[in-house]
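Below, all heavy atoms of this structure are taken into account, side chains as well, without hydrogens, waters or symmetry copies. In the text below, chain A, chain B and the rest are named by the order of the sequence lines, each starting its count at 1.
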2 protein chains.
Amino acid sequence: MTSDPARRLLPLADQAAPERADAARNRELLLDAAAAMVAELGADEVTMDALAARAGVGKGTVFRRFGSRGGLMAALLDHTERAWQAAVISGPPPLGPGAPPLERLLALGDSRLRTTLQHAALIRAAGAEGARASGAHSFAALHVRHLLTQLEVDGDLPLLAVALLAPLEVPVLEQQVRLDGLPVERVLAGWADLVRRVVGRPAVTPPGGAT
Amino acid sequence: MTSDPARRLLPLADQAAPERADAARNRELLLDAAAAMVAELGADEVTMDALAARAGVGKGTVFRRFGSRGGLMAALLDHTERAWQAAVISGPPPLGPGAPPLERLLALGDSRLRTTLQHAALIRAAGAEGARASGAHSFAALHVRHLLTQLEVDGDLPLLAVALLAPLEVPVLEQQVRLDGLPVERVLAGWADLVRRVVGRPAVTPPGGAT
DNA sequence: GGCCCAAACGGACCACGGTCCGTTTGTATT
DNA sequence: AATACAAACGGACCGTGGTCCGTTTGGGCC
């Protein structure tokens, strides 16, 4: 009776998959080691062999946990990303709720630009498994779309949202800031200008003001 | 007297570097073999070893010529890219000169979107050495900037140009078209809408039309 | 406690990109 | 034609990402 296999397959309303104790321990070990190594060497000096050695596990285990190098980097990014999402959903204005939509949108761009630039190496190393796959990207797009709705912008909102976020992607920003040497403020101002054109409000002050 | 070393260093007004006959021959051999292999296997099934073998040269030679796998892919892209630039500079309208600027801009987007999608695998494989490095990207940006000038758009034109091109980059397009399954026409329409907002012309017909 | 087995482990192994360096070859000079 | 040398060549070699498979282990069940 108590051997009913359904008990284990549907233990509770908890749909989270079971994870063995050693697996969980190793995940922590690896994540910590990886974070430390990224901090002290930079993302693209971290090799999977070295990571395994440092965490004291076999290489196979690393790949079992994270699938690939990109997956590992994505997992590292995950912490940051969750924090960012939390800030957007329930943090203080203007990024969080409470400010008018346009201000929130501009704050989102600012925040996104800076964090993207800050973790550029990690994001690059994460590749396809990175922002795009882990839902990070779709969350941002969804939120922009939401703000555009509030701003009563009409058109193909999903597309418009992606178009607004595209100039904030790593390759573009690195080209502008690192290679072309443009100051971050200028890039940001350019983005704000783009946003205003898209939402149809020529300037911060509504039409009628000077300039 | 005739041994004056300057004679060889400055042979003529021809500043193009000399290239030994065997080097040139091998470049052709490699480029042809690479193109064939990409065509029949797809870009990311082509290995440098296999390419060297097929072209009948040593592996060292491949890297001497192209520097890296990315460099090779970029070299393959080069043909396509030159053709595209030629079409923009001196091809038939609306992509080439002769059409009104807004039409040219929209044609540019259309053309760029399609060719990018068509060569997506190659572009991805080219990575940093690809479009961005080989000047392809800067040419497009320059031209968009030029068209924006003709459209009397004011603002930070270099930034605006990049922002318009960003949604046409490979990762964005692949996400939308290949993963989300959006039809190309819709993506294109979305881009056209973005352009109109940026240049400040709400629709094809000037304000006053029925929309 | 003892049994059982799915899950996790670990490290030998493989494939591929990239480098190195001793050898060959094209070309300019005489 | 002979000489000289820079450039090009080629393949052995190395590091790294990723796989495979025989071994170990956590934890539910009796």
Whether T61(A) contacts dA8(C) is assessed here as follows: a side-chain N or O lying under 4.0 Å from the phosphate OP1 or OP2. Is that the case? no
Is it the case that atom NE2 in H146(B) sees more than 12 heavy atoms from other parts of the structure closer than 6.0 Å? no
Exactly one of I89(A), L108(A), T116(A) should register a side chain to side chain contact (heavy atoms under 4.5 Å, CB included) with W84(A). Which one does? L108(A)
If you restrict it to nitrogen or oxygen atoms, what contacts under 3.5 Å exist between nucleotides 1-5 of chain C and the protein, and what is each distance?
none

Sequence neighbours excluded, the answer for side-chain contact (heavy atoms from CB on, under 4.5 Å) partners of Q85(A) is E81(A), F139(A)
Compare all side-chain heavy atoms of S68(A) with those of E129(A) and state whether any distance is below 4.5 angstrom. yes
Side chain to side chain, L179(B) and E174(B), heavy atoms closer than 4.5 Å: no
Does a sphere of radius 6.0 Å around CZ in R124(B) hold more than 12 heavy atoms from other residues, nucleotides or ligands, not counting ones at 6.0 Å or beyond? yes
Take the protein atom CZ of R64(A) and the nucleotide atom P of dA6(C), then report the distance between them rounded to whole Å. 14 Å
Can you tabulate the close N/O pairs, meaning under 3.5 Å, that link protein atoms to atoms of nucleotides 14-18 of chain D?
residue, atom, partner, partner atom, Å
dG17(D), OP1, R69(A), NH1, 3.1
dG17(D), OP2, M48(A), N, 3.0
dG17(D), N7, K59(A), NZ, 3.2
dG18(D), OP2, R69(A), N, 2.8
dG18(D), N7, K59(A), NZ, 3.2
dG18(D), O6, K59(A), NZ, 2.5

Taking it one step at a time, do V88(B) and R104(B) satisfy side-chain contact (heavy atoms from CB on, under 4.5 Å)? CA-CA 9 Å; V88(B) 171; R104(B) 287 193 77 190; 4.3 Å; yes
Given the rule in the side-chain contact (heavy atoms from CB on, under 4.5 Å) test, do R112(A) and V144(A) qualify, once you have shown the distances and angles that lead to the verdict? CA-CA 12 Å; R112(A) 194 100 193 130; V144(A) 168; over 6 Å; no
Please list, for nucleotides 23-26 of chain D, all pairs of protein and nucleotide N/O atoms separated by less than 3.5 Å.
residue, atom, partner, partner atom, Å
dT25(D), O2, R20(A), NH1, 3.4
dT25(D), O2, R20(A), NH2, 3.4

DNA chain C contacts among residues 28-42 of chain B, heavy-atom distance under 4.0 Å: none
Tell me which one of L51(B), D22(B), N26(B) satisfies side chain to side chain contact (heavy atoms under 4.5 Å, CB included) with V57(B). N26(B)
Between N26(A) and dA8(C), is there a contact of a side-chain N or O with OP1 or OP2 at under 4.0 Å? no
Full working for side-chain contact (heavy atoms from CB on, under 4.5 Å) between R65(B) and L72(B): CA-CA 8 Å; R65(B) 280 280 87 72; L72(B) 169 71; over 6 Å; no
Show the numbers, then the answer: is there a side-chain contact (heavy atoms from CB on, under 4.5 Å) between L102(A) and V195(A)? CA-CA 9 Å; L102(A) 182 54; V195(A) 167; 3.9 Å; yes
In this structure, how many angstroms lie between the C1' atom of dG27(D) and the CD atom of E19(A), rounded? 15 Å
For L51(B) and dG11(D), give me the distance from atom CG to atom C1', rounded to whole Å. 15 Å
Answer with base, sugar-phosphate or nothing: what part of the nucleic acid does R65(A) contact at a heavy-atom distance below 4.0 Å? sugar-phosphate
Name of the residue among L159(A), V162(A), D156(A) meeting side chain to side chain contact (heavy atoms under 4.5 Å, CB included) with L182(B): L159(A)
Pairing residues for F63(A) by the side-chain contact (heavy atoms from CB on, under 4.5 Å) criterion, not counting sequence neighbours: M48(A), K59(A)
